[in-house]
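Side chains included, hydrogens not; waters and symmetry mates left out as well; all remaining heavy atoms used. Numbers restart at 1 for each chain; the letters A, B, ... are given by sequence-line order, proteins then strands. Every value quoted in this text rests on a predicted model; they were computed, and no experiment measured them.
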Amino acid sequence: MTSFSKRRGAGLEDRCMSEEASFIQLKQVTKSFHKDSRAIEVLKDVNLEVDQGDIFGIIGYSGAGKSTLIRCINGIESLTSGEVILDKQVVSNLRGEELRRFRRQVGMIFQQFNLMPSRTVFGNIALALRKSGLSKPQKEQRIMELLKLVDIEDKRDAYPSQLSGGQKQRVAIARALANHPKVLLCDEATSALDPQTTKSILRFLKDLNQKLGITIVMITHEMGVVKEICNKVAIIDQGVILEQGDVFTVFSNPREPLTRTFLETTSNLSKVNELIRINAPLVQLNEGQIIVKLTYTKTTVSEALISEISRRFYVDVNIIASDIEIVNDMLLGGLVAILSGEPASIEQTLGYLQEKNVSAEVIKDARSSHQEISAECV
Amino acid sequence: MLDQVIKKFLPNVSKVSDVFYESILETLKMFAIAGSISFLLGLFFGIVLLVCKPGGILENKWIYNLLDKIINVLRSIPFIIMIAALIPLTRLVVGTAIGTTGAIFPLVVGITPFFSRQIESALSGVDPGLVESGKAMGMSAFGLIIHVYLKESIPAIVRATTITSVNLIGLSAIVGVVGGGGIGNFAIMYGYQRSQVDATYVSVIALLIIVSMIELLGKRVLRNTKYY
């Protein structure tokens, strides 16, 4: 944890130093493909800013344009209009050998790993070092260094088909890092891996980010990935960036419905809605009780909120679901609870919660003065 | 003893056995020379087709369409007619239109379009993801061709070469019809024109053996180029 906060501190300094220009900038990027004489706009006026040391997640459904977006950063996709600037180099202006030299400065890993099947692990990494200008022994030394870094030294002479998915991705990472890149692009890098391997690869990427200070831009459709390691996020849908910013800010205060939808994919709070819909025993209320969904928007959880409510307002709090995660050292999420007590105390409680920056949404109400609103849904 | 068996079963061929051996050598010579030339040309045109194709790494509609059409036209002409049609050109290029020397040029023209297509399809089998990762590594088009396309499709190229070689043996026998020399020529001269059935059968067996050897060799090479 401490090293992580240190890194965040370092990131902050970098941000101050390069206040006028971010490390990676996408300015009004548009991209359209022509198909049967019709132009299809894949990216529409995309603006992104990634700072040095960020782990920047771009999340969206398949077909949202995120693959195209990440390929604009290393110039594999050309732009229809707009500008991509990486470390003061205007990528969209680079041509020929300049562009190829630039690409060696940007590592990329893929969902399907894309290792050359006819080459050994060693050969695959050596391929990335072909134009590095290193001598043969230097190359060999560098490859052994990389294999050690990704912790698969013993697989040096194995062919990709003899490796597991996680090992393949580690080789791919080693290959991507061969030329000491400042940026690592991850194209759904963990989508083909099982949950456990996903976790270890993500942890490894985070380690790299801290140890080497490498900036990581990753696209994914999995909310879990973003929550696990990213410090910034952008939500993309149909070629448009809906919102972007600090992971905690975006997720604690989602402005767009799609952001909320993504949040719900990893949250079990939404399950309560389903329970209410089928009127499950767990959510059946007695007279005077309500079900509230509490969502933390600021880091107030440490304030022993629940006990406070019980003591102050004589309200019983029965927590039926909770989903609180640590994102960027801050608590994110909320819980669903049944509150029972005097109608006046419940009113007071809700007011108090608002004061404490906890959003409280009444999702089922059995107070006598109110209709049971959710009953209509049944 | 063996001599007598040969004389009994091959009454005609046994009298001209040296002509027969000579014809085998001629076939092998045509195969080797025409094969090597078409291998290089086919590889070249196959690569050109691949990279110029729509969506290829050096997309070029004009070159692709032109080459594509030429190959289609050449492939649709029956080989025996092509040989006749090529005679003036053959004379111009190699000086003669008959014998093994005269046969090599039409063989090259006949087999190269087929081989080019085979190479194109072999190279097309390379996973586009590999090409993309090559691009991301900063490879040039030339680098991609050598280190990704060719390197990753060696087994497919070996297979294509085997199929093409067998086809080439077939074509080299057809060349015999128009005085091209080789086993085909022997079969026509003795087996067909003089109705010496044993000459025809011996020719068939000789061709069969050559084809089997090519396939065996192809399999051997394939086994050695396969990785795990």
query = For the candidates A:M116, A:M108, A:R175, which exhibits the highest count of non-hydrogen atom pairs separated by less than 4.5 Å from chain B?
reply = A:M116

message = Quick check on A:L99 against chain B: is it the side chain, the backbone, both or neither that has a heavy atom closer than 4.5 Å?
response = neither

Heavy atoms from other residues, nucleotides or ligands near CE of B:M213 exceed 12 (cutoff 6.0 Å) = no

inquiry  = Within the supplied structure, the quantity of interest is the number of heavy atoms (other residues, nucleotides, ligands) at a distance under 6.0 Å from A:L134 CG; does it exceed 12?
reply    = yes

note = Of the listed A:Q105, A:Q111, A:R130, the one with the largest count of heavy-atom pairs under 4.5 Å with chain B is A:R130

For residues 78-86 of chain A, run the donor-acceptor check on the side chains, cut-off 3.5 Å, and write out each pair with its distance to 0.1 Å, sequence neighbours left out.
{"unit_1": "A:T80", "atom_1": "OG1", "unit_2": "A:S32", "atom_2": "N", "d": "2.8"}
{"unit_1": "A:S81", "atom_1": "OG", "unit_2": "A:T30", "atom_2": "OG1", "d": "2.6"}

Exercise answer: donor-acceptor pairs, residues 29-47 of chain B side-chain atoms, under 3.5 Å, sequence neighbours excluded:
{"unit_1": "B:S36", "atom_1": "OG", "unit_2": "B:A32", "atom_2": "O", "d": "2.5"}
{"unit_1": "B:S38", "atom_1": "OG", "unit_2": "B:A34", "atom_2": "O", "d": "2.4"}

note = Honestly, the part of A:L127 sitting under 4.5 Å from a heavy atom of chain B is both

request  = Report, as yes or no, whether the 6.0 Å neighbourhood of atom CZ on B:F79 holds more than 12 heavy atoms from other residues, nucleotides or ligands.
outcome  = yes

message = Give the interface residues of residues 135-147 of chain B toward chain A, defined by a heavy-atom separation under 4.5 Å.
response = B:K135, B:A136, B:M137, B:G138, B:M139, B:S140, B:G143, B:H147

ask   = Quick check: are there more than 12 heavy atoms from other residues, nucleotides or ligands sitting under 6.0 Å from CD of A:Q141?
value = no

query = Residue by residue, which of residues 107-133 of chain B have a heavy atom closer than 4.5 Å to a heavy atom belonging to chain A?
reply = B:D127, B:G129, B:L130, B:E132, B:S133

